[in-house]
Amino acid sequence: MTTTSHFHHLLKKCTNLKQLNQIHAHLTTTGLLHLDVRLLGRLLSSAATSDNLHYTSLLFSQLHHPNIFFYNTMIKAHSKTATSLNSISIYAQLLRAGILPDIYTFPLLLKACTQVPEAFPQGCSVHGQAIKFALDSYIYVNNALIHFYSINGHIKDARKLFDTSKDLDVVSWNSMLSAYARIGDMATAKKLFDEMPERNSISWSALISGYVQCGLSKEALGIFLRMQVELVKFSDITLVSVLSACAHLGAHEQGKWVHGYLKSNEIEVSVFLGTSLIDMYAKCGEVDLALDVFNGMKERNLLVWSTMIKGLAMHGRGNEALDLFFHMEKAGIVPDDIAFIGVLCACTHAGLIDQGRQIFDSMSSVYGIVPKVEHYGCMVDLLARNGMLNEARIIIETMPMQPDALIWGALMAGCRFYQNVELGEFVVKNLIQLEPENGGVYVLLSNIYAASGRLEDARKARELMETTGATKIAGCSSIEIRGKLHEFIVGDKSHPQIREILVKWEEIERFLSLEGYVCNKTEVLLDIDEEDKEHALAKHSEKLAIAFGLLSSSDGVAIRIVKNLRVCSDCHHVTKLISRIYNREIVVRDRTRFHHFKDGKCSCNDYW
DNA sequence: ATAGGGTTAG
């Protein structure tokens, strides 16, 4: 008797196939397996959790009269795999054997159906079966149904089940909450969160990840803070979302805090956490710390590698990114379409035209990946950035899909850099067709005309913008000081220290003019992503942020700024000068990449 | 001896 319970214990802990086989052999030779059927059940259950479907099926086939528990275990074993719909046929088998399904059967079947995106009809028929056996209102089944409908985007069906259910627990609320979060309805998600009779850490995580996915990273960090104040325990899953929020915001100190927390609690850096940490450090301007995390990781999947590659590319360290890519290939990891965006981006910033071409070709010839519009975009960027404007234009005209605004924008950046007004005008005309509501495009057109002396056309373009009601995204720069984010929007004077900031800016301007700086208002072309030149150039949001950064941080500390648009050339020039005058490193993340300003120079070599 | 909710890269 004690020996059987000993084996029960052993099996419960065992997930390793080899050990399972050993125990199995032992039980068979000693005849224990036949004495105690429950041991066989335990064995089957452990086999199912060890994810070895073949072995599990073998065990199952040895059972003469499997009961509902054995069938459920088999359904569970299948539900986790790519062929999860096999569990439906096990269900059919069960019915044929004259066995009644129970409340555990349906959640398992529904899980199998959510595994396969196109299995919505099968899931519906499982629902029908649950109704037929009058098990649909059991809380486990009901919760699984809510989850199933919400995953498939049928949120109304999920809500109906939720509203009519007599029996709701935290799990039901969490399912509904994450359903709204998933479709981006954060107002309803927050409402549910507030109304919940009981919350657990999963409720908090669901809310946080919802905010992050909607781009409301500040709210996400706010909720995380509240979570800590209310002493709710958080898991590494929560932290993955939190790190993602830090990455979006460039919340360097808060991100570092999370890393410190992981270290001091000796939490192992999983692939998920590692990816988030690498991305966070890269997007906060600390590529070298990202590299440290990368090098310290035991296990690396494609996402880990491509996040690191993209991180290096963002910082203009194209050669290292490329090395890493070849390393990855050697490690036997097969790149996907997203990984290629990272490497192509790296080629662009390192000016590696031939390498870029080769890699682009290898995409389809070696890996069988059909290039998407983003990949053509990288090629246009690569060529345009290196002066081959015509070739870039030919790519746009011959690629197999419709060009989007981003791809024209890449060509535009080249036109601006190489002062090609004629091609620029052509590009802008295409952009207006594509995005008539984007005010930036009209500003751009107007500037092009102004630059070529066609002042009347320039005025008309401005008027057109006003009559069509197109609006331009306001420039916004943020800076984190002692863990708090400060935002500066162009023309906005609501910051409590705005007076001091403006005084500081005056000081900066005095130093600038001593350096012989004159405000560059004659820039020929204005990039679509740049802030509107009509607003006083001196008030561009990053200038305020830099002034504030100089005011609020001590010497030797790098100033880190995140900007929502591209840096304009005047701000770029000014920032270079400031970095020398004040002997300060300034790191600016703009829409597309990083600029590390140091000693009057920028890491982008003045091309962005 | 069995079930359900939160997870990262463009």
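As the structure is a computational prediction, the values presented were derived from the model and not from experiment. Note on naming: letters A, B, ... go to the chains in the order of the sequence lines (proteins, then strands), and numbering restarts at 1 for each one.
The interatomic distance linking A/Asn301 (CG) with B/dT7 (C1') rounds to 12 Å, in whole Å. A straight line from CG of A/Asn143 to P of B/dG5 spans 9 Å, rounded to a whole angstrom. Rounded to whole angstrom, the span from the CG atom of A/Leu177 across to the P atom of B/dT7 amounts to 11 Å. In this entry the distance linking CZ of A/Arg589 with P of B/dG10 reads 9 Å, nearest Å. Atom C1' of nucleotide B/dG4 and atom NZ of A/Lys76 are separated by 12 Å, given to the nearest angstrom. For A/Tyr211 and B/dG6, the OH to C1' distance is 15 Å, given to the nearest whole Å. What separates CG of A/Leu168 from C1' of B/dG4 is a distance of 13 Å, to the nearest Å. For A/Lys111 and B/dG6, the NZ to C1' distance is 14 Å, given to the nearest whole Å.
Distances from the side chain of A/Val170 to the nucleotides B/dT2, B/dG5, B/dT8 place B/dG5 closest. Of the candidates B/dG6, B/dT8, B/dG10, B/dT8 carries the atom nearest the A/Ser276 side chain, counting heavy atoms from C-beta on. The side chain of A/Ser241 approaches B/dT7 more closely than any other nucleotide in the set B/dT2, B/dG5, B/dT7. The side chain of A/Asp336 has B/dA9 as its nearest neighbour among B/dA9, B/dG6, B/dG10. Of the candidate nucleotides B/dG6, B/dG5, B/dA9, B/dA9 has the atom lying nearest to any side-chain atom of A/Ser244. Checked against B/dA1, B/dG10, B/dA9, the side chain of A/Asn67 finds its nearest nucleotide in B/dA1. Closest contact between the side chain of A/Ser209 and the listed nucleotides B/dG10, B/dT2, B/dG6 involves B/dG6. When each of B/dG6, B/dT2, B/dG10 is scored by its nearest atom to the side-chain atoms of A/Thr238, the top-ranked nucleotide is B/dG6.
Contact check on A/Lys298 versus A/Glu268 returns a salt bridge, with a Lys/Arg side-chain nitrogen under 4.0 Å from an Asp/Glu carboxylate oxygen.
Under 3.5 Å, the side chains of A/His375 and A/Asp337 contain no donor-acceptor pair of N or O atoms. Looking only at atom types and distance, the side chain of A/Ser203 has a donor-acceptor partner in the side chain of A/Asn200 under 3.5 Å away.
Put simply, A/Lys283 has a side-chain N or O that comes within less than 4.0 Å of OP1 or OP2 on B/dG10. OP1 or OP2 of B/dT8 has at least one side-chain nitrogen or oxygen of A/Gln213 nearer than 4.0 Å. Between A/His147 and B/dG5, a side-chain N or O to OP1/OP2 separation shorter than 4.0 Å is present.
Although no hydrogens or angles enter the test, the distance criterion places a donor-acceptor pair under 3.5 Å between the side chain of A/Ser84 and the main chain of A/Ala112.
In this pair, A/His327 and A/Trp305 present their aromatic rings parallel. The plane angle is below 30°, not in the 30 to 60° band. The aromatic rings of A/Phe594 and A/His315 lie parallel to each other, with less than 30° between the two planes, well short of the 60° mark.
When heavy atoms are screened at a 4.0 angstrom cut-off, A/Val240 is found touching the sugar-phosphate backbone but no base atom. Within the 4.0 angstrom heavy-atom criterion, base atoms lie near A/Ile237. Among the protein residues, A/Asn72 comes within range of the nucleic acid bases, having at least one heavy atom under 4.0 Å from a base atom. Note on A/Asp236: nothing from the nucleic acid sits closer than 4.0 angstrom, heavy atoms only. Looking at heavy-atom distances under 4.0 Å, A/Thr73 makes no contact with the nucleic acid at all. Using a 4.0 Å heavy-atom distance criterion, A/Ser270 is classed as making no nucleic acid contact. No contact: A/Arg199 has no heavy atom under 4.0 Å from any strand.
Looking at A/Asn143, A/Asp136, A/Ile146, A/Val141 one by one, the single match for side-chain contact (heavy atoms from CB on, under 4.5 Å) with A/Leu161 turns out to be A/Ile146.
Not a single donor-acceptor pair, N or O on each side, falls under 3.5 Å between the base of B/dG5 and the side chain of A/Ser172. One N or O donor and one acceptor, one from the side chain of A/Asp169 and one from the base of B/dG4, sit under 3.5 Å apart. Between the side chain of A/Asn174 and the base of B/dG4, no donor-acceptor pair under 3.5 Å is found.
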